[in-house]
Amino acid sequence: MAVLIYTLCITVRTPRTYRAIPKPNGPPKPCPLWISERTITPLNNTKHLLVSAYMDQREKGLDIRIIGIFKRDSIQPLYCLFCCAGHLSRKTTPTTILQHSDNFGFPFVSTDVMCQIPQNCIATHVSLLTQPDSVMVFNQTCLPIRNQKTNEKEENKLQFNFTVCISNLFGDYNNVLQFAQTLEMYRLLGVDRVVIYNTSCGPDLDRLLQSYSQEGFVEMVPWPIDHHLNPSRGWLFSQSGGDVHYFGQLTTLNECIYRSMDRSRYVLLNDIDEIIMPYQHNNLMSLMGMLQQQHPNTGVFLIENHIYTKKPLGGNETGPLHQWKGVPGFNILEHIYREEPNRNIYHPHKLIVQPRMVQQTSVHEVLKKFGEYFKVPPDVCRIIHSPISMPRPPEQLYLDTRLWNFTDKLLPRVTTVLRRAELLGSQGQEQEVGR
């Protein structure tokens with residue numbers, strides 16, 4: 001009997017050694033310690049770069065949007081691995097990789113990687129793997145997940161009404177006077193925050209921006225794209241070459257929208273030599289109040305670009321005089337002659353958007369969105385674009401002194417910020433004391 005019982009036990013238990021043995025329910029693995037604090041992070045075992053990760057549950061079945069710059073010819077399956085309240089998730093989740101449609105022929109393109117958070121995971125950080133198995137993650141880099149949802153009251157309370165996204169500063173750009181005038185003009189129009197992606201700039205402009213950053217009006221985002229790629233100074237690969245469009249401008253515009261999504265009602269996407277100027281209102285809030293009332297389902301407003309130059313040949317008009325002698329850059333108050341755009345050909349616009357209604361953007365148009373878009377008539381609002389350009393013949397220009405309506409407030413503000421940054425020359429200091 002003893003032998004029979006022993007034989008039966010062996011016979012019953014033996015097949016269990018051939019079944020898949022479930023993993024033990026021991027304590028969860030601790031998260032990898034390497035959490036990226038950089039704005040550009042190489043993705044291990046790929047040619048891709050990661051920028052930031054955001055909670056985005058506007059599409060069914062997807063929770064996380066990772067913004068990156070991917071090599072177009074090297075796209076491969078990727079898998080999300082999460083840190084769940086300090087512990088590593090037990091499994092990965094597959095991703096959906098969305099290349100942006102605008103790449104202008106460059107080999108690297110702005111890319112969104114989206115995935116789902118596993119059940120019972122309070123996700124704080126996310127990493128991307130090239131294999132679904134999460135066992136070998138010793139040197140893996142995690143990105144913090146931003147825009148985490150809290151309670152509805154905090155969700156509906158926005159910190160800012162208007163944020164301006166400026167991309168990108170590079171080279172030795174040092175146009176201090178134009179920069180200070182433009183930032184103060186935006187402050188007068190009701191802008192609360194200006195986000196600038198900075199690869200490099202001139203020493204005087206850097207001093208000015210540091211002063212603005214300490215004040216809190218400007219948010220400087222380091223953008224060392226030249227440490228990872230050969231960025232182009234142009235917008236078209238066939239003309240300028242390089243790895244990525246215009247120092248990664250497309251990626252920074254998208255990153256700024258998501259950075260602002262849970263804190264700003266509107267986002268303005270334009271360059272530093274452009275001012276989105278209302279012509280029937282004294283500030284942006286009044287403008288958008290009217291436009292939003294007339295177009296309640298609209299989340300994208302297209303603003304027509306107009307180029308403004310200095311005094312043309314033969315012109316006698318002069319702008320408001322104020323001495324900022326020795327300050328690098330030019331005075332935008334002298335750029336009061338507007339070129340009429342040729343609307344028979346493609347004419348660019350810049351954007352005012354509700355960030356929560358945008359999924360992907362390009363420079364002059366939104367690529368994916370919720371809701372509608374509206375082209376704002378130029379007599380309501382237009383871009384005052386003041387590039388460094390040669391004056392045109394007078395018959396091609398129209399006098400437009402809209403900026404002068406703000407000079408009483410603008411001039412002392414600009415002087416104050418230049419003095420605070422110790423950029424005002426001795427002559428300007430003496431004039432200020434004599435006032």
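Computed from a predicted structure; not experimentally measured.
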To the nearest 0.5 Å, what is the distance between [atom1] ([X]) and [atom2] ([Y])?
X      : Y      : atom1 : atom2 : result
His385 : Asp271 : NE2   : CG    : 6.5 Å
Arg65  : Leu98  : CZ    : CG    : 7.0 Å
Ser386 : Ile336 : OG    : CD1   : 11.0 Å
Ile272 : Tyr186 : CD1   : OH    : 8.0 Å

So which of Asp112, Thr111, Asp102, Asn254 actually passes side chain to side chain donor-acceptor pair (under 3.5 Å) with Gln360?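 Among Asp112, Thr111, Asp102, Asn254, the one that satisfies the side chain to side chain donor-acceptor pair (under 3.5 Å) with Gln360 is Asp112.
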Salt bridge or not for [X] and [Y], using N-O below 4.0 Å?
X      : Y      : value
Arg343 : Glu340 : yes
Glu274 : Arg382 : no
Asp192 : Arg265 : no
Glu184 : Lys409 : no
Glu219 : Arg263 : yes
Glu304 : Lys375 : no
Arg402 : Asp400 : no

According to ring-ring contact (aromatic ring centres under 6.0 Å, His included), who are the partners of Phe179, at least two apart in sequence or on a separate chain?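 Partners of Phe179 by the ring-ring contact (aromatic ring centres under 6.0 Å, His included) criterion come out as none, since no residue qualifies.
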Report task. Sequence neighbours left out, what passes ring-ring contact (aromatic ring centres under 6.0 Å, His included) with His48? Give chain and number order. Result ->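 Once residues adjacent in sequence are excluded, the partners of His48 under the ring-ring contact (aromatic ring centres under 6.0 Å, His included) criterion are Phe70.
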### Query
Of all heavy-atom pairs between Ser89 and Cys84, which one has the smallest distance, and what is that distance?
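Here Ser89 and Cys84 meet closest at CB-SG, 3.7 Å.
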As a quick check of understanding, evaluate disulfide (SG to SG under 2.5 Å) for Cys142 and Cys83, giving each step before the final call.
CA-CA 8 Å; Cys142 289; Cys83 286; 3.9 Å; no
Counting only heavy atoms not in Asn120 (residues, nucleotides, ligands), do more than 12 fall under 6.0 Å from its CG?
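Not more than 12 within 6.0 Å, no.
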message = Quick check on Phe330: does its CZ atom have over 12 non-hydrogen neighbours (other residues, nucleotides or ligands) under 6.0 Å away?
response =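 Yes, CZ of Phe330 has more than 12 neighbouring heavy atoms, counting only those of other groups under 6.0 Å.
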Just say parallel, tilted or perpendicular for the rings of Tyr258 and Tyr54, cut-offs at 30° and 60°.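 The rings of Tyr258 and Tyr54 sit tilted, inter-plane angle from 30° to 60°.
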Report task. Take Leu50 and Ile69 through the side-chain contact (heavy atoms from CB on, under 4.5 Å) test and state the conclusion after the steps. Result -> CA-CA 6 Å; Leu50 304 181; Ile69 303 174; over 6 Å; no
Query raised in the report: SG of Cys165 to SG of Cys256, below 2.5 Å?
Result: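 Their SG atoms fall under 2.5 Å; a disulfide, then.
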Taking the side chain as C-beta and beyond, is there a heavy-atom pair between Leu351 and Val366 under 4.5 Å?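 Leu351 reaches Val366 side chain to side chain.
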Quiz prompt | Identified ring pair (Phe, Tyr, Trp, His ring centres under 6.0 Å) counterpart of His245 within the set Phe104, Phe237, Phe108, Trp235 | solution =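 In the set Phe104, Phe237, Phe108, Trp235, the residue that makes a ring pair (Phe, Tyr, Trp, His ring centres under 6.0 Å) with His245 is Phe104.
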Query raised in the report: Cation over ring, Arg233 on Tyr246, under 6.0 Å and within 45°?
Result: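 That pair does not qualify as a cation-pi contact.
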